[in-house]
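The basis for the numbers below is simple: all heavy atoms, side chains too, and nothing from hydrogens, waters or symmetry mates.
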Amino acid sequence: MITGACWKCLLLSFFFLRGSAQNFAQTRFICTSVPVDMDMCTSSMQNSGPNEDLKTTILQLRETVLQQKETIMNQKDTIRELTTKLARCDGQTLLEIPSNEPKTAAPGTRRKETGTSKNTMGDLSRTPTAETLVQLGQSLQSLKTRLENLEQYSRGNSSTQANSLKDLLQNKIDDLEKQVLSRVNNLEEGKLTQKNDTEQRGKIESTLTNLHQRITDLEKGQKETRPADKFQLTFPLRTNYMYAKVKKTLPEMYAFTVCMWLKSNASPGVGTPFSYAVPGQANELVLIEWGNNPMEILINDKVAKLPFVINDGKWHHICIAWTTRDGVWEAYQDGILRGNGENLAPYHPIKHQGVLVLGQEQDTLGGGFDATQAFVGELAHFNMWDRKLTVGEVYNLATCSNKALTGNVISWSENNIEIFGGATKWTFDACRQVN
């Protein structure tokens, strides 16, 4: 039987073994029984004889510690292997899933604020497949609108050939819409492989290209017979390269009225319908609606806020009239006076020999475009006069009266407009849109 003092010795030996298991092979332990009323240190010096029971117990403890050590080492190997596999899985996930985190702006560049623009080139983080679907949808909508314009213009033509061609194009567009819808459904169900997706996209894009070409040929054929002012400009995307330029420059003016038809549902802000820059002053005359601000007219960098609300996807006729005397201005929407004011660049004449651009805001003469300020939508019948029009004259323009005037400084004509960067000209009749 092991006495209480011996148990003390065994416990001390056990704790010592756990703390030094790694060097156990080089360590020897000798335990002796110690009476309860005797000092342990004194007893260890007086009695150092071997005890067989204690030796047996020590050997058992040693074996237990070695087994535990082996178990721990095995578990470490298992944990190391699992950690390696998990790291590999994480690496594959990062490669397969695109990051949605915003990129940090490079040093020296201006970082755009989140949410200050819509549909900019590369503003939104999309997967390649989603981007392709958006582009196909835009192309289909473009084709449908052009076809509707052709139908409107040729409504009086009752020839069998024209009707059959119109029906053929409409059927083609309907088929494309079905293909795109089927593609969306397959993507949602995860049925399309990468190879099938590429082949199907190639077929759809090829068909779209052929349709674009055929409709363009039709439009070219009608261009010879349509009036020079029956067209519109379309800016489908917010870019820094899509614009139109008026070939004529402005004379020096002490008063003006500028009118146009606009259609847009862009938000926030429809952008810049037009800008006029001269040497030394990029903001000589600008109409802009940027971000969440109201539409503004700038003359020589002086600003007046305009009471226009036009981003509802419908056609609106707007006019701004101004005179240098006291800087008096008036703003008309759909033939009705919506607001007026004064002290807008008083006694400052509009300078001549500048560049007039449609669809972009100029930061330098004829350039320096910023995509976030670009106009998105449709524009037509841009006219300018070197005087203030009367209320009646503005109303005649907005209601398509046969008494409506054309601009004596800038008149809306295909011969006066150059387009760049993918902006398009379509057949358009404002009077048919509002009547």
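- Residues W412 and F382 keep their aromatic ring centres 6.0 Å or farther apart.
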Open item on the list: Run L337 and V391 through side chain to side chain contact (heavy atoms under 4.5 Å, CB included) and show every step you take.
Closed with: CA-CA 8 Å; L337 180 64; V391 175; 5.7 Å; no
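- The number of heavy atoms from other shown groups lying within 6.0 Å of NZ (K247) is above 12.
- In the model, N300 has a side-chain atom that pairs as donor or acceptor with a side-chain atom of Q281 under 3.5 Å.
- Annotation: side chain of L262 is in contact with side chain of I318 (closest heavy-atom distance under 4.5 Å).
- In terms of heavy atoms, F256 sits closest to I350 at CD2-CG1, 4.1 Å.
- Closest of all the heavy-atom pairs between V309 and H316 is O-NE2, 4.2 Å.
- Salt bridge present: K388 and E330 bring a charged side-chain N and a carboxylate O closer than 4.0 Å.
- For the residue pair N240/D370, the side-chain donor-acceptor check at 3.5 Å is not satisfied.
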Task: Stepwise side chain to side chain donor-acceptor pair (under 3.5 Å) check, D326 with Y347 - done: CA-CA 7 Å; D326 296 327; Y347 305 104; 3.0 Å; yes
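- For the pair I320 and L306, the minimum side-chain heavy-atom distance is below 4.5 Å.
- For R387 and E393, the salt-bridge test passes: some basic side-chain N is under 4.0 Å from an acidic carboxylate O.
- For the 3.5 Å distance criterion, the side chains of N265 and N311 fail to qualify, holding no donor opposite an acceptor.
- Side-chain N or O atoms of Y276 include one that pairs as donor or acceptor with a backbone N or O of G354 at under 3.5 Å.
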Open item on the list: Walk me through whether F274 and L358 qualify under side chain to side chain contact (heavy atoms under 4.5 Å, CB included).
Closed with: CA-CA 4 Å; F274 79 91; L358 306 179; 3.7 Å; yes
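- In this structure, a donor-acceptor pair under 3.5 Å is absent between the side chains of H352 and E284.
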- [ ] Check the pair S275, Q362 against side chain to side chain donor-acceptor pair (under 3.5 Å), reporting the backbone distance first and the verdict last.
- [x] CA-CA 6 Å; S275 65; Q362 304 173 66; 3.2 Å; yes
- [ ] Could you give me the CA-CA distance, side-chain angles and deciding distance for I297 and V286, then say whether side chain to side chain contact (heavy atoms under 4.5 Å, CB included) is met?
- [x] CA-CA 6 Å; I297 183 77; V286 181; over 6 Å; no
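- Residues Y254 and P349 come closest through the heavy atom pair CE2-CB, 3.6 Å.
- Between atom OG1 of residue T257 and atom CE of residue M384 there is a gap of 9.0 Å, rounded to the nearest 0.5 Å.
- When all heavy atoms of S264 and V376 are compared, the closest pair comes out as OG-O, 2.6 Å.
- Under the 4.5 Å side-chain criterion, counting only non-hydrogen atoms from C-beta, M295 is in contact with I310.
- Side-chain atoms of T323 never come within 3.5 Å of backbone atoms of A255 as a donor-acceptor pair (strictly under, hydrogens ignored).
- With no hydrogens or angles considered, no side-chain donor-acceptor pair links H317 and D334 at under 3.5 Å.
- Heavy atoms only, all atoms of each residue included: T324 and A345 are closest at OG1-O, 4.3 Å.
- Between F369 and Y243, the ring center distance clears the sub-6.0 Å criterion.
- Using modelled atom types, one side-chain atom of R238 and one backbone atom of A374 make a donor-acceptor pair closer than 3.5 Å.
- Across all their heavy atoms, C259 and L397 have their closest contact at SG-CD1, 4.0 Å.
- Remark: the backbone N or O of T239 is paired with a side-chain donor or acceptor of Q360 at under 3.5 angstrom.
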